[in-house]
Amino acid sequence: MRRRPLPRRATLCAVATTVLIGLTTAGLSTPAAAVPDEFRPQLVTVDTPTRADKALLQTLGLDLTEHAGHDYVEVVLHTPADLAALLGAGLGFDVRIPDLLAREAENNRINAAYAAATTTSPLPSGRDAYRTLADYNADMAALESDRPDLVKRFALPHRSLDGREIFGVEIGKDVHGPDRGLPVFVMLGVHHAREWPSGENAMEFAVDLVRNYGTDRRITDLVDRSRVVVVPVVNVDGFELSRTDGELVDIREVDGGGTATILGNPGNAYKRKNCRLVDGQDTPDGTCRAGSLTSPGGFGTGTDLNRNYGGYWGGPGASDLFADPTYRGAAPFSEPETQNIRELVSGRHVTTLITNHTFSNLVLRPNGAAPDLVPPSEGIPLGDPFDEAALKALGDEMAAQNGYTSQHAWELYDTTGSTEDWSYNATGGFGYTFEIGPDEFHPPFPEVIDEYLGAGEFAGKGNREAYLVALENAVDPTTHSVLSGKAPAGATLRLKKTFPSPTWEGSIQDTLDTTMTVGPDGRYTWHVNPSTRPVVKDRQVETLSGDPVQEESWTGTTLPLQSTDREFTVARDADLLEVVLDWPTPDDMDLEVYRKNADGSLVQVGSSGNFVGEKERVLLQAPEQGTYVLRAINFASVTPTWTLTASLFEAETSTVPGLVEAWTLTCERDGRVVERVPVVVDRGQQLRVDLKACGRR
Ligand code: 0X9
Ligand code: ZN
């Protein structure tokens, strides 16, 4: 599949990357270097200025962290063999964390010192160290026993592959009583084993709501008006391995028993995926640790839970190779852990959802894949989500609290099968991924405190405030739909819908099945998601209209390993600037586009480094007026003569008409359906539906 590259922004990771401005040899070859005797597992930033480099990197079977920009990918090297593979491929790289074990040990030392010096941290729980899985489970049980009126701890329907129960807490007024149709906010953590702060932030939010209920007016009001469901650790098996191995590093250091063998492998401290050991086969309970020993760092085995959801499952940015870090799984929702979240979200009206990850300081909104991509299952470009304006507004508002960058998920890199790719498109509930923290999967614990409570100019805000903003959105009736009316006291109302959700190439059947109980006054108010799914709504598709409104062409000659610049001035407002570099032979040239500032400095705004043999093309949406520098780079072309064309277009937006879907609303008494009505309700709409027949005997 070939797609038009849209301009992308590099991630915000505080990464020391070698950005290739002009030509250096770093991206072309690395001087033959030997693997040092004393190998240490390490985090490196690999230069991948061209698509061919990225493609080559992907063939090496390395643990690509997915922290990537247009010209780099961060990679965990677990073994000397990994390093040898990278050196052998000749890709340039910078070592960012030279010794992950030493870093793990250093973090452990910082954590121990912090814990020793701290009685109570400023976190809602007062905790001063990362929780273990047992700590999470104990904390959830304690929350319930402390405030049984407010907290219901529950086990998710499916045990993990290694046989563990997975717990969550539901928070709300009279939470053990009947469901009265309040809007639901869902907060998730630790889909990826090594991303410990993602669970901490989720758990602290649960504690925060419970501890401050009754004293803090805003929190009391929000909890009274909602049900908040927190599942702090979705991938319990992976987390257990990562968390305990991270700790072991410390013990090995402390007891002086750090032998080369033990220190030569960080165990599963940097594991990403779940405990699927053999694809398509159940993992016998309790065998995950032993079974993943053959997989250095535990990265080879497992399914990437954030590629296993049904939404556009099987498309770009998800691998079909079991050993790859982004392995999508044998089928959509093949894993018990994703199936748990599917059932959780399908059985309630989750109006807003946040799934936490680490790291890169980002607030990501759907879709996961770029709008110009065409899923074969739909035959039209993905486009922007129907609710783009509202999704962006909320994303921006949350990012203003924690100082992160708010962007489309696809601007990071394409993904399919991620949590909100499914939850938003199937239910219409707003969904976001938070990438917490600047530069590490599980940094020293004090960083968790800063991220949650905010630090520096965000002190007193942070993720806490961003989550509260999200919860305010969850309860705001203008962002979802409301049904209300008369119905017999005590009757069960059910809203149900069955539909095909698009995967990349086909579809899966989804059923949303939700209930509430009518209160004693014979009236109900039900906060629900709109009846028509975003994925079948009208879709705006942008196409270039006819002739360019401004165009310029150049020919030139550039010798191998050199580059040539041409300037183009955008003199009017337009929708799209297209720059195409063409040359006669099927070999490798690259194209970079810069915007020229008033002081003559250059800011890169686009690049195209396609596979060998493909021509280069950069598209810039709504380019600012001014001067652009177009750089033709000869990476490896034997015919140094090229043609460069810059064209400015107006885009035509056409609308692909959508469908209207209905909920089926049933009123049930004593387990018998008494009344059934189709209900069509839009976002922001409040609809009155009296269930009169249900009241008649
Ligand atoms: O790749 C991922 O799953 C996430 N990054 S991470 O380093 N935590 O693994 C980002 C996913 C972004 N895409 C969507 N949320 N759709
Ligand atoms: Zn993650």
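Just so you know, ligand 1 is whichever comes first in the structure, and atom 1 is the first atom listed for that ligand. Fair warning: this is a prediction, and the values are worked out from it, not measured in the lab.
- Residue-ligand proximity, Ser418 to ligand 1, at heavy-atom distances under 4.0 Å covers atoms 14 (C), 15 (N), 16 (N).
- Polar contact with ligand 1: absent for Asp304 (N/O pair, distance under 3.5 Å).
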Worked check of salt bridge (charged side-chain N to carboxylate O under 4.0 Å, His left out) between Asp135 and Arg127 = CA-CA 11 Å; Asp135 290 336; Arg127 280 194 65 92; 3.5 Å; yes
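- Salt-bridge annotation for Glu420 and Arg365: absent, with no side-chain N of the basic residue lying under 4.0 Å from a carboxylate O of the acidic one.
- Heavy atoms of His191 found under 4.0 angstrom from ligand 1: none, in either backbone or side chain.
- A salt bridge does not link Arg164 to Glu337: none of the charged side-chain nitrogens sits closer than 4.0 Å to a carboxylate oxygen.
- Contact record, Thr503 with Pro332: CG2-CG, 4.0 Å, taken as the closest heavy-atom pair.
- A salt bridge does not link Asp162 with Arg289: none of the charged nitrogens is closer than 4.0 Å to a carboxylate oxygen.
- When each atom of ligand 1 is checked for a heavy atom of His357 under 4.0 Å away, the hits are 8 (N).
- In this structure, the separation between CE on Met398 and CD1 on Ile354 is 5.0 Å, given to the nearest 0.5 Å.
- If you number the atoms of ligand 1 from 1 as listed, the ones under 4.0 Å from a heavy atom of Thr415 come out as 13 (N), 14 (C), 16 (N).
- The N, O or S atom of His357 with the smallest distance to the Zn ion (ligand 2) is ND1.
- Here Thr358 has backbone heavy atoms under 4.0 Å from ligand 1, and that is the only part of it that gets that close.
- Among the heteroatoms counted here (N, O or S) of His192, ND1 is the one nearest to the Zn ion (ligand 2).
- Using a 4.0 Å cut-off to heavy atoms of Gly368, the atoms of ligand 1 that qualify are 16 (N).
- Shown in contact with Glu420 at under 4.0 Å from a heavy atom are these atoms of ligand 1, numbered in order with element: 14 (C), 15 (N), 16 (N).
- The Zn ion (ligand 2) has no N, O or S atom of His191 closer than 2.8 Å.
- Residue-ligand proximity, Thr433 to ligand 1, at heavy-atom distances under 4.0 Å covers atoms 15 (N).
- Separation of the His158 and Phe333 ring centroids does not fall under the 6.0 Å cut-off.
- The Zn ion (ligand 2) has an N, O or S atom of Glu195 closer than 2.8 Å.
- Side-chain contact check for Tyr424 and Asp387: at least one donor-acceptor pair (N or O, by modelled atom type) lies under 3.5 Å.
- For ligand 1, the atoms lying closer than 4.0 Å to a non-hydrogen atom of Asn306 are 2 (C), 3 (O), 11 (C).
- Using a 3.5 Å distance cut-off with no hydrogens or angles, the side chains of Thr416 and Asp421 do not pair a donor with an acceptor.
- Residue Arg272 approaches ligand 1 through these ligand atoms, each under 4.0 Å from one of its heavy atoms: 1 (O), 2 (C), 3 (O), 6 (S), 9 (O).
- A salt bridge between Asp510 and Arg342 is present, with a side-chain N of the basic residue lying under 4.0 Å from a carboxylate O of the acidic one.
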